[in-house]
Amino acid sequence: MAKIQSRKEAHVRIAAKADSEYLKSAGFENIEFVHCSLPEIDLRKVSLSTSFLGRKLSSPLAIEGMTGGYPNASKINRRLAQAANGANIIFGLGSQRAMLKHPELAKTYKVRDVAPDVFLIGNLGAVQLREYSPKAIEGMLKTVDANALALHLNPLQEAVQPEGDLNWAGVLHQVRLLCDAIDVPVIAKETGAGISAKVALQLKEAGVSAINVSGSGGTSWSRVEYKRGKPVPGFEEWGIPTAISLAQCSGILPLIASGGIRNGIDAAKSIALGADISGAARPFLISKNPLSLIREWEMQLRTAMFLTGSKDIAALKRAPITITGRIADSLSAMGLSVVSYFRR
Ligand SMILES: Cc1cc2nc3c(=O)[nH]c(=O)nc-3n(C[C@H](O)[C@H](O)[C@H](O)COP(=O)(O)O)c2cc1C
């Protein structure tokens, strides 16, 4: 098996273990909805439907990109894509670099025969843009029939792993060239260390269509890399917690929350913090029945909406929340108003 393939396989094996997560949380325990004792709506009529990049979805959930490029990845992608298709939510593929290098691996990413209607997001590392032309990337997306491209920004993972890409000079320029050249919408995505407002604004200016904050508090890539090799130690807890990254990036571009979202209540809180879509990777990787996990999260989301008197996703976005503890401290230190989330 080629190096890139065995690396992808090791990532899935290690990330599936419980101790591959951050010790620090994504921050959702510091976010509380203000309970509403008079919801004045019918729980059964609460609507989870929404739209993202022009596509109507049954609920604002996503299974985040994880894998591809080795034989067993095909099974994982197809199983998860089928569940996402059944629920009409978003599904993401893992990095497609392996299929750019070895075109015969394209089949490990192909899911359209089992997920004909799913909103499918392709995936590539932004640091790899120097190696591949926009035309090659368009071809890569066409091969799997993707609706959008997630361009992942993972400098933490690259910096700590033995075979990482260390030269990140000029990446923003490459992102701009790609956005100018291709018709498919580009989503800039972290892989667990979070995106700041400053970076989100730079990405917007470069032409990306959406941001996936993928903050810290869930899967820790430096922890996964530590278990795999001999990386630079000490960065297991590095990164912007998801709740903080969301509050920073809210309102800049359409926004996906991920990184430590572990149930439908976390998903509801992420939406109240500004997300349009709430996604997760590891929980679906380890789930025995991904479709029933989606249904459970939807039920939790719907119940949280009922208990805040929110009849739809637009109303949930305005539901009052309190932000306390370390998340409030961080936001205040950045000059963001915590009380504005309560008084709305
Ligand atoms: C096994 C595994 C493989 C992943 N591979 C990729 C990848 O190829 N590209 C990418 O953008 N993100 C990748 N991620 C990151 C996830 O998409 C997500 O941003 C991150 O894991 C945070 O979500 P979580 O805490 O729910 O796992 C991977 C995550 C896992 C668990």
Side-chain angles (χ1 to χ4, degrees), residues 4-5 7-28 61-70 72-73 76-77 80 84 90-100 105 108-109 121-128 140 146 148-158 161 165 186-195 210-225 227-228 239-243 245-246 256-264 266-267 270 275 277-287 290 293-294 297:
I4 188 171
Q5 297 178 45
R7 182 160 84 227
K8 285 311 258 176
E9 183 159 44
H11 281 157
V12 166
R13 192 169 19 83
I14 298 168
K17 296 192 178 134
D19 56 358
S20 61
E21 299 215 331
Y22 278 87
L23 297 178
K24 75 180 180 187
S25 78
F28 294 112
L61 298 176
I63 299 179
E64 296 283 311
M66 281 181 272
T67 200
Y70 67 97
N72 197 42
I76 299 173
N77 277 334
L80 297 178
I90 293 172
F91 173 71
L93 295 168
S95 172
Q96 292 174 260
R97 186 187 189 185
M99 71 175 263
L100 284 173
L105 293 173
T108 65
Y109 298 90
I121 303 182
N123 193 297
L124 191 67
V127 76
Q128 265 102 50
M140 172 195 94
L149 169 67
L151 210 47
H152 68 254
L153 301 163
N154 63 340
L156 169 62
Q157 186 187 8
E158 299 291 351
Q161 70 174 303
D165 281 304
V186 174
I187 302 164
K189 171 183 184 300
E190 243 291 347
T191 60
I195 291 182
I211 301 278
N212 182 340
V213 299
S214 192
S216 56
T219 305
S220 164
W221 277 105
S222 36
R223 190 156 273 127
V224 171
E225 293 299 346
K227 293 195 190 152
R228 208 171 60 79
I240 308 171
T242 302
S245 193
L246 285 172
I256 303 178
S258 70
I261 307 278
R262 292 296 176 259
N263 53 55
D266 289 346
S270 74
I277 300 290
S278 195
R282 190 174 172 274
F284 292 103
L285 178 68
I286 61 175
S287 167
L293 188 62
I294 296 168
W297 286 28

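Remember, it's 1-based here, ligands and their atoms both numbered in the order they're listed.
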Residue pair E225, R7: steps toward the salt bridge (Lys or Arg N to Asp or Glu O under 4.0 Å) verdict: CA-CA 10 Å; E225 293 299 346; R7 182 160 84 227; 5.9 Å; no
Within the 4.5 Å heavy-atom criterion, are Q128 and D165 side-chain neighbours or not? yes
Please report whether the ring centroid of Y22 lies less than 6.0 Å from that of W221. no
Using a 3.5 Å cut-off on N/O to N/O, what pairs does ligand 1 make with the protein? A line per pair would be great.
| residue | atom | partner | partner atom | Å |
| --- | --- | --- | --- | --- |
| ligand 1 | 5 (N) | M66 | O | 2.9 |
| ligand 1 | 8 (O) | K8 | NZ | 3.1 |
| ligand 1 | 8 (O) | S95 | N | 2.8 |
| ligand 1 | 9 (N) | N123 | OD1 | 3.3 |
| ligand 1 | 9 (N) | N123 | ND2 | 3.3 |
| ligand 1 | 11 (O) | N123 | ND2 | 2.9 |
| ligand 1 | 11 (O) | K189 | NZ | 2.9 |
| ligand 1 | 12 (N) | K189 | NZ | 2.9 |
| ligand 1 | 14 (N) | G65 | O | 3.3 |
| ligand 1 | 17 (O) | G65 | O | 2.8 |
| ligand 1 | 17 (O) | K189 | NZ | 2.9 |
| ligand 1 | 19 (O) | K189 | NZ | 3.0 |
| ligand 1 | 19 (O) | S214 | OG | 2.6 |
| ligand 1 | 25 (O) | T219 | N | 3.0 |
| ligand 1 | 25 (O) | G260 | N | 3.0 |
| ligand 1 | 25 (O) | R262 | NH2 | 2.8 |
| ligand 1 | 26 (O) | R262 | NH1 | 2.9 |
| ligand 1 | 26 (O) | A281 | N | 2.9 |
| ligand 1 | 27 (O) | T219 | OG1 | 2.6 |
| ligand 1 | 27 (O) | R282 | N | 3.1 |

Is there side-chain contact between E190 and H152, with at least one heavy-atom pair below 4.5 Å? no
Show me the donor-acceptor pairs within less than 3.5 Å that the side chains of residues 90-97 make with the rest of the protein, sequence neighbours left out.
| residue | atom | partner | partner atom | Å |
| --- | --- | --- | --- | --- |
| S95 | OG | R97 | N | 3.3 |
| Q96 | OE1 | N123 | N | 2.9 |

Does this structure show an ion pair linking E21 with R282, if we count only N-O contacts that are shorter than 4.0 Å? yes
